[in-house]
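Not measured: the values here are computed from a predicted model.
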Amino acid sequence: MPRPEIELFKELDPQALQKKFLNSLIKIQNVGRGSIWIQKKESYVCVEAAGAESENIKGVVLESLVPSIVGWVIENKQMTIAETRSDRRHHREVEEAFAVKSSQILCFPLFLSETEVYGAVQIIDTTPGKTRLNLDREYLETLQNLVDICSIAMGNAILFSTEKKKALYLKSALSRMQTENLIIGQSESFQKSMGLVKSYADTDFHVLITGDSGTGKELVAERLHKRSSRRKKPFLVQNCSAIPETLLESELFGYKKGAFTGATRDRAGLFEAADGGTVFLDEIGDMPMSTQAGLLRVLQKNEIKPLGETKARHIDVRIVAATNKDIKAMIADNSFRQDLYYRLSVLPVHLPPLRERREDIPLLVKHFLETESTKANTKEKKMMPGAMQYLVAYHWPGNIRELENLIRYLMVTTPEESIQAANLPPHFREQLPLTDDPYAVAGIPLSPSDNEFMVDLTGLTWPGLEKTYVNSLLKKHNWNITWAAKASGINRSTFASRMRKLKINRHPTE
């Protein structure tokens, strides 16, 4: 008997291996048809077929509750021979429309191990006289051994392919995680903003994002797009302050050939290119009044008119705008259209500056250290508590962008694995002196003038003592209730409740 298993073992592609295996068995037995079936949950699926009318068999699904020769072999884990005209196990409906029907079927189980069966292979005689199959006992035993060896090879190929797909998926997921910009924060103000973003993503209304420069407005706009029904359509960005006024209108709305000197061809604008998707207009407060009129047309009528065009064109875009300016003040100064503002700010969201979410700074530092070390393929550096105190105390005029750039600087300029306070640029270390306070890493270090515990406690009532204690904690932690509550050893809601009973405002200016 030929030894096809030698060549089969070299094949790792499951589909190619199944095809070679089945064709080898059909050739050995000289029959007209064959098929391979794999068990999938509560059914059996034909994954390969060869011979007469095989195209009508591949892909057929047999339910496990319906009698079939394949099902019997998989369940009983043994070979069988079936006379199709009399065997009740034969599922005749599969061949009902076939011109060439089976007369005798030889079916072997496919073993993954000594006891585990994952499928079955059928060798089918289609001659009316059932003259093709060699059913000699010794021959069948040899054939059984061949099938057992090759079934293990196929099982291994399937497992190899599955693991390979898993590896590719994990690699792709890791690549997405490394390239996708994460939005990180646990502070109450930040989580409130992200809650709005999550609810806005499910709608198709326009969004206005406000916040200082560097707070992550573009990242939020991108998240809105990726979580919306437009996620498979374009997400295009235009910074309204980064382009001259004379060019911004043509960039957004496009132009016709000959519309102006140098317009040698038609050019689609940003809105037309993003049709069906999302347009992010950053620094919308810097958009000139003349361009604002065209943008209002987009918001009101979903149409644009390219420069030099006589007819308007219909478009379908969602606009997410962002600004670090006080738009209401600009409306009062007649530098921003009031009607445009109300059209844009259907769904407003404000991103708090980093100085108002100091408890997020350690999280962001950790994230940027991990990200930059991965990019540089180097061991991750550790930010020491002394250095972290200065970072938490810093006022961060450039917000998250400034923090990210600082981490990049420290990754390059710090040769050691640990980043100490001395490694920070001078202007960080000039902010506040360090203390030995264990909570200072999460808040503002205590200055000498803040030490209000050095008083005669016997002269205070119990409520007065508690009020002094709470006030001192709040001052110590820059009026951050979360960290003051943590320092006191009680949860935030209880701490806030005590503040209300003691008539302590969130901040002395309130």
Side-chain angles (χ1 to χ4, degrees), residues 1-39 44-60 62 68-74 77-85 87 89-91 94-95 97-112 117-161:
M1 182 183 294
R3 297 287 304 278
E5 71 272 18
I6 302 300
E7 290 299 320
L8 289 172
F9 287 153
K10 298 178 181 179
E11 185 63 65
L12 290 176
D13 178 38
Q15 292 183 339
L17 182 53
Q18 290 163 5
K19 188 180 290 292
K20 287 182 179 180
F21 174 56
L22 186 59
N23 286 327
S24 297
L25 290 179
I26 291 174
K27 186 176 181 181
I28 290 170
Q29 281 281 9
N30 194 28
V31 295
R33 188 157 61 221
S35 58
I36 295 176
W37 301 74
I38 300 296
Q39 184 174 16
Y44 311 111
V45 182
C46 181
V47 295
E48 190 58 64
E53 298 182 84
S54 58
E55 67 278 1
N56 296 324
I57 305 173
K58 190 173 180 179
V60 170
L62 299 177
S68 66
I69 296 169
V70 167
W72 187 92
V73 167
I74 292 175
K77 302 179 182 180
Q78 66 181 57
M79 177 266 291
T80 191
I81 302 168
E83 303 285 342
T84 57
R85 291 183 182 178
D87 199 313
R89 299 172 298 176
H90 179 49
H91 194 75
V94 174
E95 297 184 330
F98 287 12
V100 180
K101 293 181 172 56
S102 59
S103 57
Q104 194 172 44
I105 297 176
L106 175 61
C107 189
F108 293 96
L110 297 175
F111 285 92
L112 189 60
V117 174
Y118 65 90
V121 57
Q122 291 190 133
I123 310 168
I124 304 170
D125 189 350
T126 56
T127 60
K130 298 171 286 187
T131 58
R132 294 294 178 88
L133 283 173
N134 185 345
L135 302 178
D136 180 74
R137 182 176 178 179
E138 291 185 3
Y139 190 89
L140 288 181
E141 287 180 356
T142 305
L143 192 59
Q144 176 74 72
N145 291 333
L146 173 63
V147 171
D148 290 346
I149 294 171
C150 293
S151 68
I152 292 174
M154 282 200 304
N156 289 336
I158 292 172
L159 290 175
F160 174 80
S161 177

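- Atom-to-atom distance recorded for I123:CD1 and S102:OG is 13.5 Å, nearest 0.5 angstrom.
- Not counting sequence neighbours, N56 has no partner by the side-chain hydrogen bond (donor to acceptor under 3.5 Å, both in side chains) test.
- Nearest heavy-atom pair across L106 and I81 is CD1-CG1, 3.7 Å.
- For the pair Q18 (side chain) and I36 (backbone), a donor-acceptor distance under 3.5 Å is absent.
- Counting all heavy atoms, side chain and backbone alike, G34 lies closest to L22 at O-CD2, 3.6 Å.
- From C46, atom SG reaches atom CG of L62 across 8.5 Å, with rounding to the nearest 0.5 Å.
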Determine, step by step, whether E141 and N145 satisfy the side-chain hydrogen bond (donor to acceptor under 3.5 Å, both in side chains) criterion, reporting the C-alpha distance in whole Å, the side-chain angles of both residues, the deciding distance to 0.1 Å, and the verdict.
CA-CA 6 Å; E141 287 180 356; N145 291 333; over 6 Å; no

Might you work through the side-chain contact (heavy atoms from CB on, under 4.5 Å) test for F98 and R33, ending with a clear yes or no?
CA-CA 12 Å; F98 287 12; R33 188 157 61 221; 3.9 Å; yes

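- Annotation: the span from L135 atom CG to D125 atom CG amounts to 8.5 Å, rounded to 0.5 Å.
- Annotation for E53 and A99: closest pair OE2-N, 3.0 Å, computed over non-hydrogen atoms.
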Would you sort out whether F108 and D148 count as a side-chain contact (heavy atoms from CB on, under 4.5 Å), showing the intermediate values?
CA-CA 9 Å; F108 293 96; D148 290 346; over 6 Å; no

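- Contact between K58 and V47 at its shortest, heavy atoms only, is CE-O, 3.2 Å.
- A salt bridge does not link E95 with K101: every distance from a Lys NZ or Arg NE/NH1/NH2 to an Asp or Glu carboxylate oxygen is 4.0 Å or more.
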Report the C-alpha distance between F21 and V121 in whole Å, list the side-chain angles of each, state the deciding distance to 0.1 Å, and finish with yes or no for side-chain contact (heavy atoms from CB on, under 4.5 Å).
CA-CA 10 Å; F21 174 56; V121 57; 4.3 Å; yes

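- Under a 3.5 Å cut-off, the side chain of S103 and the backbone N or O of P128 do not form any donor-acceptor pair.
- Between F111 and M154 the shortest side-chain heavy-atom distance does not fall below 4.5 Å.
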Should D87 and W72 be marked as a side-chain contact (heavy atoms from CB on, under 4.5 Å) after you check the CA-CA gap, both sets of side-chain angles, and the distance that decides it?
CA-CA 12 Å; D87 199 313; W72 187 92; over 6 Å; no

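- When atom types are taken as modelled, the side chain of R89 and the backbone of S68 share no donor-acceptor pair closer than 3.5 angstrom.
- T84 contributes atom OG1, which lies 9.5 Å from atom CD1 of I124 (distance to the nearest 0.5 angstrom).
- At least one donor-acceptor pair closer than 3.5 Å links the side chain of Y118 to the backbone N or O of S151.
- One finds the CD atom of E48 at 11.0 Å from the CD1 atom of I57 (value rounded to the nearest 0.5 Å).
- For the pairing with L133, the side chain to side chain contact (heavy atoms under 4.5 Å, CB included) check across I105, T127, V31, N30 returns one residue only, V31.
- For the residue pair C107 and V70, the shortest heavy atom distance occurs at SG-CA, 4.5 Å.
- Atom OH of Y44 sits about 12.5 Å away from atom NE2 of H91, to the nearest 0.5 Å.
- Residues V60 and W37 approach most closely at O-CZ3, 3.5 Å, considering heavy atoms.
- Put simply, the side chain of R132 never gets that close to the backbone of Q104: no donor and acceptor are under 3.5 Å apart.
- The 12-atom threshold is not exceeded at CD of E138, counting heavy atoms of other residues, nucleotides or ligands nearer than 6.0 Å.
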